[in-house]
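Below: the structure, in structure tokens.
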Amino acid sequence: MEISSRYNPSQIEGKWYAYWMDKGYFRSVPDGRKPFTIVIPPPNVTGVLHMGHILNNTIQDILIRRARMQGYNACWVPGTDHASIATEAKVVHMLKEKGITKKDIGREEFMEYAWQWKEKHGGIILQQLKRLGISCDWDRLKFTMDDSLSESVIAVFVDLYRKGFIYRGVRMVNWDPKALTAVSDEEVVYKEVQSKLYYVRYQIEGSEGEYITIATTRPETILGDTAVCVHPDDERYQHLKGRRVLVPLLNRSVPLIADEYVDPVFGTGALKITPAHDINDYQLGIKYKLDTINIFNDDGSLNESAGLLVGMDRFQAREAIIPLLEAGGYLVKVEDYVNKIGYSERTQEVIEPKLSVQWFCDMQSLAAPALEVVMKEEVRFFPDKLKNTYAHWMENVKDWCISRQLWWGHRIPAYYLPNQEVVVAATQEEAYHIALEKYPELKLRISDLRQDEDVLDTWFSSWLWPITVFDGMRYPENEDIRYYYPTSVLITAPDIIFFWVARMIMAGMEWRGEIPFRDVYFTGMVRDKLRRKMSKSLGNSPDPIDLMDTYGTDGVRMGMLLSSPAGNDLMFDESLCEQGRNFNNKIWNALRLIKGWKVDDKQAMPAHARIAVDWFDARFNQVLAEIDDAFLKYRLSDALMSMYKLIWDDFCAYFLEIVKPPYQQAIDTETYQSACANLGRLMQVLHPFMPFITEEVWHALYGEEKGDIVVSSMPQTQAYDAKIIHTFAFSIEVVEQIRRLRTENNIAPKQRLDLFILYHDKEDVFKEVISKLCNLSAVYETNSKREDALSFVVHKQEFFIPFSNAININVEEEKAKLQEEINYLQGFLTSVEKKLSNPSFVQNAPEKVVDVERKKQNDARQKLSLLQEKIERLK
RNA sequence: GAGAUAUUAGCUCAGUUGGUUUAGAGCGCUUGCUUGACAGGCAAGAGGUCACAGGUUCAAAUCCCGUAUAUCUCACCA
């Protein structure tokens, strides 16, 4: 049957994925083999596939498929996380379009809508990931709000509370006025922005006409001022010590205080203090017992306490207050100013520091063992430079704000009693019993308990992921957790090293007394070729599904991987996928060639084929060893590049070209079988990278005879003959010289040539290989130099190709070429001799090194004299 | 502001404890080819004072110091 000259992935990929699923090849249950386990970094249920997912999941799939073929019990657990803020925002938005607000319907009904939304939209990214070919055990699919995981999250909260790590308190938190919730320090992204510095003067109380001028970037917060502060040693303000000042527009009298916190050289050296809306001011407020006036509503608009501009948004108020200050004669000047502003990672809204009651988790004692296991490399980081970043964060770790003012998530299991006391317990019933025992005098009914309205940070469930996906929190001795934990490797991005990686290690140490994974492979960030981060707003990210349609999934996987050394950002360019597609096409055509041969079992194996078969066997094992080594170091793009060259150059350009029979002639059985076996084992090594085409080629070669490649045994490195590789490489150098002479002298490929070899230092060469690849009629050895011949030197041997009438040699070009080579060798020789004539080199350098230099000198001298002789003859 | 990491061909990157013929790869580029698997191809070729300035050493892309630039992390002064 005719096979298309172009590989068409669309007809092949879907077929094999369905087939593998049907056969249950991705299913894993504990058995006697060694496990190789990966838990997926759960994408958001709100997520859609982007290039980062392609990178991350391709890498995981490569590792898991390779492990499966190496005989491990490979288990890749898929799942999604509930993404409190993002999902709740989606649901709120959806309800808003129906004219419904959260308050209208209350918590229970809202949750019903949210679950409906999740059922409808939450699986999109998983379907998209299947298109990528990923070999997860889909029977193990988990969601962070599944019952078993939710129960575990609550149990962990209760456990930490009882251990005294979790507490509730009033703190200045990062408030997201759009999402209407507090977020953790890690969820705040600081960006430099162009803003303005306003100089505003405050009248000294009781001294008409006397003022002190402050500088601020947030004039609207003047309405919440409760002090002005200067440096105690500032000469300019000594006379004002102990006085009070009047807040502009409000004429509120507030103290003028002195504290070393103020930098006298910044602005005017005088600082307005708004304890409710700035973390530093808050500290000063506590120190000097200042009033705290909260002038903002939760959504960032001004409230009644502001006294002015009530109801206006904080940014509008910032503009609106300027004319008021100007009119009152308070505004001194305005300067342009660049400062850093914190934004919410989730909503991109400007963070408002806000005082509120939140739940916190004390991280210090959790951090200590987690730091140690990374420093001791029980958990290894790839690249290991991230150990520094990790250590720095761990050593300065702050308490974690874990409550979120949302409904979608794990509701905090804290119950308030009528006497304002709080009881923490896994269920209301349990809390009730504890409360009864503790406060019998209250004569409580269960309905007197009021549960905390807030939910937990999504990361508070994610940090348990490697344990909870195996239900190891509720059943610490169950078979799955004992078999699969610790997992083998985690693949993730460096930007969540604190959010997630660090906390998973803490959780692993705390509840299992064991690391959650042995290795962490940090991928880089996918950027466009202009080094810009790929983002929706820039529109510079290709749609991965479109890419897979255009180049095939295997092509996209290769394109993604080609330029992604661990930890380095990668500049993604569609042309890399094109390279991947072209590679598929190359493989496809190698298959077409082999399948097109007629096999004749009476035919003997030619000498050149014998050499090719033996050489390729050695070469294959040599490269296989390189690839094994690359995998140990997680250098996957190196491993793939080695495969690319092994297939394209060694297999196609040399092996196949050598064994290929002349047109319409048959091939002998042994060579044919060897060609098939070689292509087959190349496909096996390539399979983890390109699962679809390799399965297709495997079946085209063997039918059903050898089963499916996805579960076949990965070839293992065998000892190989290094000498045959060397001799072959030398032969190829000769081939390249002959081809160069053909090109430079316009000798047609069909013109058959003779070759004479003059050995000056006997060295093995594969004459049959040269003959086949260069279309020679004969190869002779000779003892004398040939006149009337083109000639060249490789290593120390001379080669001659006699002229014939048909050849028009280009003497000038040949001379120029020779001269260039002579110049190079002379320069080289000079540098070598300079070393050798240096007595301290000969004395101090190891004997081996000196010997190498002497050999270089000899070789260069010999070759130089041969070349000089040749150039003389051409004159 | 503090720290970390980097800077090698037009682009993206290798170069493993200093010595392996005066630096390698892929892509791109130039030239020539419909050569009976593949033009999504074949063949040949060009292209780098290893960011800059010092130092250590018999010997430096590789080690040390400084400068510049870039990226990241942490902190943050209104």
Side-chain angles (χ1 to χ4, degrees), chain A residues 3 5-7 190 197-198 214-218 221 229 261-263 265-268 270-274 278-281 337 339-340 383 385-390 392-393 396 494-495 497-498 525 529 531 555 562-565 567-571 573 575-576 578-579 581-597 629 633 635 637-638 641-642 644-645 652-653 656-657 660 662-664 736 739-744 746 748-750 775 824-825 827-832 835 838-846 848-850 852-853 855-857 859-860 863:
Chain A
I3 312 178
S5 77
R6 288 204 174 175
Y7 174 60
Y190 287 89
L197 195 56
Y198 300 89
I214 58 89
T216 182
T217 52
R218 300 197 60 190
T221 62
C229 187
Y261 165 74
V262 177
D263 177 2
V265 301
F266 185 88
T268 61
L271 173 65
K272 70 189 228 27
I273 305 296
T274 325
D278 181 282
I279 180 68
N280 299 300
D281 292 8
Y337 184 66
N339 65 339
K340 281 192 173 176
K385 65 181 176 187
L386 282 163
K387 275 167 71 181
N388 288 325
T389 305
Y390 179 85
H392 186 261
W393 187 80
N396 299 284
D495 53 345
I497 183 171
F498 310 131
M525 181 173 288
K529 54 184 169 181
R531 278 188 189 274
L562 267 179
S563 64
S564 54
N568 283 2
D569 286 357
L570 62 110
M571 288 358 109
D573 187 343
S575 69
L576 293 168
E578 192 182 343
Q579 194 182 346
R581 181 199 62 181
N582 293 352
F583 183 45
N584 281 350
N585 199 51
K586 187 73 183 174
I587 292 167
W588 188 247
N589 277 289
L591 174 71
R592 279 179 71 214
L593 176 66
I594 292 172
K595 296 303 284 182
W597 287 332
D629 184 59
K633 298 168 183 160
R635 298 182 59 140
S637 53
D638 285 1
M641 185 47 71
S642 295
Y644 180 76
K645 289 192 279 191
C652 294
L656 288 180
E657 288 299 333
K660 185 174 169 177
Y663 183 53
Q664 287 194 329
E736 283 166 352
R739 285 172 173 174
R740 181 179 64 78
L741 288 175
R742 275 195 193 269
T743 303
E744 284 170 2
N746 293 314
K750 282 180 181 161
N775 193 22
Y824 171 88
L825 269 173
F828 174 70
L829 190 58
T830 309
S831 81
V832 172
K835 272 193 215 173
N838 180 349
S840 32
F841 170 72
V842 183
Q843 271 168 32
N844 296 327
K848 221 172 119 188
V849 174
V850 179
V852 168
E853 292 303 315
K855 183 169 182 332
K856 284 190 209 170
Q857 185 190 30
D859 289 356
K863 185 158 181 183

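The structure displayed is predicted, hence computed values, not measured ones. We name chains A, B, ... by the order of the sequence lines, and we start the count at 1 in each one.
- The side chain of A:R592 contributes no N or O atom lying less than 4.0 Å from OP1 or OP2 of B:rG36.
- Candidate nucleotides B:rG26, B:rU35, B:rA78 were compared by shortest atom distance to the side chain of A:M641, and B:rG26 ranks first.
- Between A:R6 and B:rG40 there is a side-chain polar atom (N or O) within less than 4.0 angstrom of OP1 or OP2.
- The listed nucleotides are B:rA43, B:rC38, B:rA75; the one nearest the side chain of A:K340 is B:rA75.
- The listed nucleotides are B:rC27, B:rA43, B:rG36; the one nearest the side chain of A:A653 is B:rA43.
- Within the 4.0 Å cut-off from OP1 or OP2 of B:rC74, not a single side-chain nitrogen or oxygen of A:Y190 is found.
- When heavy atoms are screened at a 4.0 angstrom cut-off, A:V852 is found touching no nucleic acid atom at all.
- Residue-to-nucleotide contacts include a donor-acceptor pair under 3.5 Å from the side chain of A:E657 to the base of B:rA37.
- Taking the six-membered ring where tryptophan is involved, the planes of A:Y7 and A:W588 are tilted, since the angle between them lies from 30° to 60°.
- With B:rG40, B:rC58, B:rA44 as the candidates, the nucleotide lying closest to the side chain of A:N585 is B:rG40.
- Of all nucleotides listed (B:rG26, B:rA75, B:rU16), B:rU16 comes nearest to the side chain of A:K633.
- Looking at the side chain of A:K856, the nearest of the listed nucleotides B:rU12, B:rA37, B:rU21 is B:rU21.
- Across all strands, A:D263 comes closer than 4.0 Å to base atoms (heavy-atom distances).
- Nucleic acid contact for A:F498: sugar-phosphate only, since backbone atoms but no base atoms lie under 4.0 Å from a heavy atom of the residue.
- A sub-4.0 Å separation between OP1 or OP2 of B:rC27 and a side-chain N or O of A:Y644 is present.
- Across all strands shown, A:R531 has heavy atoms under 4.0 Å from sugar-phosphate atoms exclusively, and none from any base.
- Taking side-chain N and O atoms only, A:K529 has no distance below 4.0 Å to OP1 or OP2 of B:rU12.
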